[in-house]
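What follows is a single structure, written as structure tokens, with notes after it.
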Amino acid sequence: MAEITAGMVKELRELTGLGMMECKKALAETAGDMKKAEDLLRIKSGAKASKAAGRVAAEGVVGSYITPDGKTGALVELNSETDFVAKNDEFIQLAKDAAKLVAENDPADIEALSKLKLASGQTVEEARQALIMKLGENMTVRRMARFATSGKLSAYLHGNKIGVMVDLAGGDEVLGKDIAMHVAASKPIAVSKEQVPSENIEREREIAKARALESGKPANIVDKIVEGSVAKFLAEVTLLGQPFVKNPDETVEKLLKSKGATVNTFTMFIVGEGIEKKVV
């Protein structure tokens, strides 16, 4: 039998919002399989789909940059070992400067970025090494994303831990900033339902069906319940379907239509997303 650690129970609690004993039991029943345990709890308790992107598992910052014409921009995630270093001004500045280099030079990958020169004359790698020596902690440039558009780019940073860039056609600067802020708060996984991966939809369909059958619903209405659940899921995880954070009475889709605007795409970086943090 797989060992069920306190860290596993904690992670499952963060995913589902359920109690420690419920999570521990589900992990035991699924031999420690996190995804199966989450599905089991969602079937039995009706827990909502998790926003996995909301789990912060390492320290660092997100740096952003947009060119003055609003047509080109970039996001860069710079990781550190502790939050103390992540609050260092030089560390934060390096992330911003790296994002500017990505926007202006379009490096092929992190290695190519590391060789580009900052305004100081140092390369990104030389600056990183110097900061490691000064602050006594390892740090890495983890990922980057570059954007080029015929529309207008808008960015939003939430405490330097969440970075969002939105490619907007139409509207104005205020709308772009509002949409970027909404993405950071509500964490959609796609702009529209057509962009949601089919495997995500199928997973929700299977969970909804198992939940309906478990509750004893008649077979002739199970399909309707399942489709209703899937439609609700798509509204919750897509930008257009979500209630706008500044006015929950209207969806983002309605807001955009009222402004004559559309969102081409968006990208969100959350510091440490997908990195397993060492528990001491």
Side-chain angles (χ1 to χ4, degrees), residues 53 60-79 92-120 122-125 127-128 140-197 237-240 242 244 252-253 255-257 259-271 273-274:
V61 296
V62 177
S64 72
Y65 177 78
I66 296 176
T67 54
D69 63 4
K71 301 294 185 183
T72 309
L75 293 174
V76 167
E77 179 182 348
L78 182 62
N79 288 143
I92 294 170
Q93 190 61 51
L94 178 58
K96 293 178 180 178
D97 292 343
K100 184 178 181 181
L101 286 176
V102 172
E104 293 178 342
N105 296 275
D106 193 16
D109 50 29
I110 297 296
E111 183 179 358
L113 169 61
S114 70
K115 296 174 182 177
L116 294 177
K117 287 192 175 183
L118 300 159
S120 65
Q122 289 180 307
T123 64
V124 171
E125 177 60 17
R128 184 185 76 89
T140 58
V141 180
R142 184 188 176 205
R143 54 180 170 169
M144 63 184 186
R146 185 178 184 272
F147 310 83
T149 179
S150 57
K152 198 86 168 178
L153 295 173
S154 295
Y156 174 76
L157 291 178
H158 183 73
N160 291 327
K161 297 293 186 184
I162 301 176
V164 175
M165 195 158 290
V166 172
D167 180 353
L168 189 72
D172 55 23
E173 190 174 334
V174 173
L175 179 64
K177 184 71 87 174
D178 280 348
I179 296 299
M181 182 184 68
H182 172 94
V183 171
S186 299
K187 300 177 178 62
I189 64 174
V191 174
S192 65
K193 61 185 180 182
E194 290 78 18
Q195 297 174 1
V196 177
V237 302
T238 56
L239 175 63
L240 297 183
Q242 291 176 338
F244 179 46
V252 172
E253 183 174 24
L255 170 66
L256 290 167
K257 282 183 178 179
K259 302 290 186 180
T262 57
V263 172
N264 295 320
T265 187
F266 69 84
T267 294
M268 175 173 61
F269 280 2
I270 297 180
V271 169
E273 179 186 355

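This one's a predicted model, so the numbers in the text were calculated from it and none came from an experiment.
In summary, of the residues considered (K257, K259, E253), a side chain to side chain contact (heavy atoms under 4.5 Å, CB included) with L255 occurs for K259 alone. Only one option out of N160, I270, L157 pairs with V62 in a side chain to side chain contact (heavy atoms under 4.5 Å, CB included); it is L157. Here the rule is side chain to side chain contact (heavy atoms under 4.5 Å, CB included) with F269, and of E77, R142, K161 only E77 fits it.
Interatomic distance, CG of N105 versus CG of L116, reported as 5.0 Å (0.5 Å rounding). Note: Y156 OH to S64 OG = 11.5 Å, rounded to the nearest 0.5 Å. How far OG1 of T123 is from CG of L118: 7.5 Å, rounded to the nearest 0.5 Å. Here the straight-line distance linking atom CG of L75 with atom CE of M268 works out to 11.0 Å at 0.5 Å rounding. Annotation: the span from K96 atom NZ to I92 atom CD1 amounts to 6.5 Å, rounded to 0.5 Å. Between R143 atom CZ and T267 atom OG1 the span is 9.5 Å, to the nearest 0.5 Å.
Looking at T72 and R146, their side chains come closer than 4.5 Å, going by heavy atoms from C-beta outward. For the pair L256 and L175, the minimum side-chain heavy-atom distance is below 4.5 Å. The shortest distance between side-chain heavy atoms of N79 and V271 falls below 4.5 Å. With contacts defined as side-chain heavy-atom distances shorter than 4.5 Å, the pair S154/I179 does not qualify. Counting heavy atoms from C-beta outward, T140 and I110 have side chains that stay 4.5 Å or more apart.
With 3.5 Å as the limit, one finds a donor-acceptor pair spanning the side chains of E194 and S192.
Smallest separation of non-hydrogen atoms from M165 and I66: CE-CG1, 3.7 Å. The two atoms that bring V191 and T238 nearest to each other are O-CB, 3.8 Å, heavy atoms only. In terms of heavy-atom proximity, L101 sits nearest to K117 at CD2-O, 3.4 Å. The two residues P68 and Y65 have their closest heavy-atom pair at CD-OH, 3.9 Å. Contact record, A99 with A74: O-CB, 3.3 Å, taken as the closest heavy-atom pair. The shortest non-hydrogen separation linking A180 to V166 is CA-CG2, 3.7 Å.
The 12-atom threshold is not exceeded at CD of E173, counting heavy atoms of other residues, nucleotides or ligands nearer than 6.0 Å. Within 6.0 Å of atom NZ in K71, more than 12 heavy atoms from other residues, nucleotides or ligands are found, so the atom counts as buried in its surroundings.
Using a 4.0 Å cut-off between charged side-chain N and carboxylate O, K187 and E273 make no salt bridge.
With sequence neighbours left out, the side-chain contact (heavy atoms from CB on, under 4.5 Å) criterion links D167 to T149, L153, N264, T265.
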